[in-house]
Colleague: 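Please read through the structure below; I'll follow up with questions.
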Amino acid sequence: MAKTATRGRRKAPARGKSKARSGGGGLLPWTVIGIAAIAGIAAYDNWKSIKPMLAKEPAAAIREITEAKPAVRKDVPPKQVALAAPAAKAAPPPAQLLPPAAIPTPTAQPVKATASAPALGASETGTAAFGYCGQGAHINCVGDGGVFWYKGEKIVIADMASPIVDRARCEDERRVAFAAKARLLALLNAGPFSMNAAGKTESSGAPRVVSRDGRSFGTQLINEGLARKPGTAGGAWCA
C-alpha cells in the first residue's frame, strides 16, 4: 500500500507541467496577432514613404530579369548548326590511255586504162616516129612487112600478106621480107595515117586497114610486089 501511495504522489507534478504548457501555447497566437496589428498601424501611418519603395523594387526586379533573359523572336527560325561534312577521299589519278594504233591506209594503185576495141569499120588516126622492133618493149615499131606496134598495141595489116624474115624458106623470100619491112616503116613515118578496124582483136593482133589519103598501105605493097592478097598460096617468091 505504501508503494501505491508513492506512485500517486509522483504523477501530480506532471499534470501541473501539462497545464503550464497548454497555457503557454495559448499565448503565442495572441502575441503574433498583436505584433501584426502594430505593424499594420505603423505601415498605415508611413504609407506614403513605403509606397514608392514597394513600386520601385518590383520594377527593378522585372528589369533585371528582362535584361538577363533576351527576348526570343517567334518569326526568327532557330539557328541551324551545320554538321561538318566528311572529307572526300582523293580520287586516284586516271589511268593514261594509250593512243590507238595507226591503221595503215592502203595506197591507191593507179588503174591502167585498157583501150577498148574500136567497132568494125571505125577509123582512128595515128602518127608517131617508128623504128624497127628489137629485144625491148614494142611501143612504136615495125616487126615485119605486115605487122607493126602502135602505142604498144600490135597491128596486123588486114588487106595484105607479106613474107616474114624469120620464116623465109629461100633467099628471095627473105629479100622480099626485108624490103616489105623497110617499105612499111617508110610509109608509117611519112605522116598521119588512118586505121580502120577489120575484125576482132585477137592474140595475134588487131586487124586494121591502114591508109593515107584513101590509099591503102596493103594495096601499095601488093602493087610493088612486096605482098600478096590474103589467102594466096605462099612460096611464090622461091623458084
Side-chain angles (χ1 to χ4, degrees), residues 100-239:
I103 300 175
T105 304
T107 305
Q109 298 294 333
V111 179
K112 185 177 180 181
T114 303
S116 58
L120 188 63
S123 178
E124 178 184 359
T125 301
T127 179
F130 288 86
Y132 293 115
C133 296
Q135 298 296 327
H138 297 0
I139 306 299
N140 296 312
C141 61
V142 176
D144 56 52
V147 177
F148 67 95
W149 274 261
Y150 177 64
K151 295 183 179 180
E153 183 181 12
K154 185 178 180 181
I155 306 297
V156 177
I157 298 178
D159 57 346
M160 58 162 277
S162 66
I164 299 173
V165 176
D166 296 338
R167 298 178 185 178
R169 291 170 292 179
C170 61
E171 189 63 25
D172 292 339
E173 188 174 353
R174 185 176 290 107
R175 179 181 58 82
V176 173
F178 274 116
K181 184 175 181 179
R183 180 58 174 157
L184 179 59
L185 178 63
L187 290 172
L188 292 173
N189 285 330
F193 53 89
S194 299
M195 294 184 295
N196 294 83
K200 183 179 179 181
T201 301
E202 298 179 355
S203 58
S204 58
R208 298 288 187 269
V209 175
V210 185
S211 62
R212 179 181 292 114
D213 298 331
R215 296 180 62 187
S216 168
F217 288 4
T219 301
Q220 293 184 53
L221 290 173
I222 292 173
N223 294 335
E224 294 174 5
L226 300 177
R228 292 184 177 178
K229 291 183 178 181
T232 303
W237 290 282
C238 293

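Counting begins at 1 with the first residue of the sequence.
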Colleague: Do Y150 and E124 come within less than 4.5 Å of each other through their side chains, counting heavy atoms only?
Modeller: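 Sidechains of E124 and Y150: in contact.
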Colleague: Looking only at heavy atoms, what is the nearest atom pair of I164 and A177, with distance?
Modeller: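 Distance-wise, the nearest heavy atoms are C-CB, 3.9 Å.
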Colleague: Can you give me the closest heavy-atom contact between M195 and V210, atom names plus distance?
Modeller: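 In this case the closest contact between M195 and V210 is CG-CG2, 4.1 Å.
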Colleague: Name every donor-acceptor pair, under 3.5 Å, that has one atom in a side chain of residues 130-143 and the other anywhere in the protein, sequence neighbours excluded.
Modeller:
from: H138; atom 1: ND1; to: G136; atom 2: O; distance (Å): 3.1
from: N140; atom 1: OD1; to: K151; atom 2: N; distance (Å): 2.8

Colleague: Locate the shortest heavy-atom distance separating P163 from V176; write the atom from each residue and the value.
Modeller: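 Residues P163 and V176, closest heavy atoms: CG-CG1, 3.7 Å.
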Colleague: Would you say R183's side chain and Q220's backbone share a donor-acceptor pair under 3.5 angstrom?
Modeller: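 Looks like no, no N/O pair under 3.5 Å.
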Colleague: Atom OG1 of T127 and atom CG of N189: how far apart are they, to the nearest 0.5 Å?
Modeller: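 Spacing of OG1 (T127) from CG (N189) equals 8.5 Å.
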Colleague: Looking only at non-hydrogen atoms, find the nearest pair between N196 and S123 and report the distance.
Modeller: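 Shortest heavy-atom separation between N196 and S123 comes out as ND2-CB, 3.4 Å.
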Colleague: Would you say N223 has more than 12 foreign heavy atoms packed within less than 6.0 Å of its CG?
Modeller: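 Yes, because the 6.0 Å sphere around CG of N223 holds more than 12 heavy atoms from other groups.
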Colleague: Can you measure from CD1 (I155) to CG (L188) and round to the nearest 0.5 angstrom?
Modeller: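 Going from the CD1 atom of I155 to the CG atom of L188 covers 10.0 Å.
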Colleague: I need the minimum non-hydrogen distance between P230 and M160, along with the two atoms involved.
Modeller: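 Smallest interatomic distance, heavy atoms only, reads CG-N, 3.6 Å.
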Colleague: Quick check for you: to the nearest 0.5 Å, what is the distance between D159 atom CG and R208 atom CZ?
Modeller: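 It comes to 13.0 Å.
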Colleague: Taking the side chain as every heavy atom from C-beta outward, state whether I157 and F148 have any atom pair closer than 4.5 Å.
Modeller: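 SC-SC contact between I157 and F148 confirmed.
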Colleague: I'd like to know if the side chain of S162 reaches the main chain of G146, judged simply by a donor and an acceptor atom lying under 3.5 Å from each other, with no hydrogens or angles considered.
Modeller: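 Looks like yes, one N/O pair under 3.5 Å.
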Colleague: Is there a donor-acceptor pair under 3.5 Å between the side chain of K154 and the backbone N or O of V147?
Modeller: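 Between the backbone of V147 and the side chain of K154 there is no qualifying donor-acceptor contact (under 3.5 Å).
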Colleague: How close do A198 and A158 get, counting heavy atoms only, and between which atoms?
Modeller: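 The pair with the smallest heavy-atom distance is CB-CB, 3.7 Å.
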Colleague: How far does CZ of R175 sit from CG of L226, to the nearest 0.5 angstrom?
Modeller: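 Atom-to-atom, R175:CZ and L226:CG are 9.0 Å apart.
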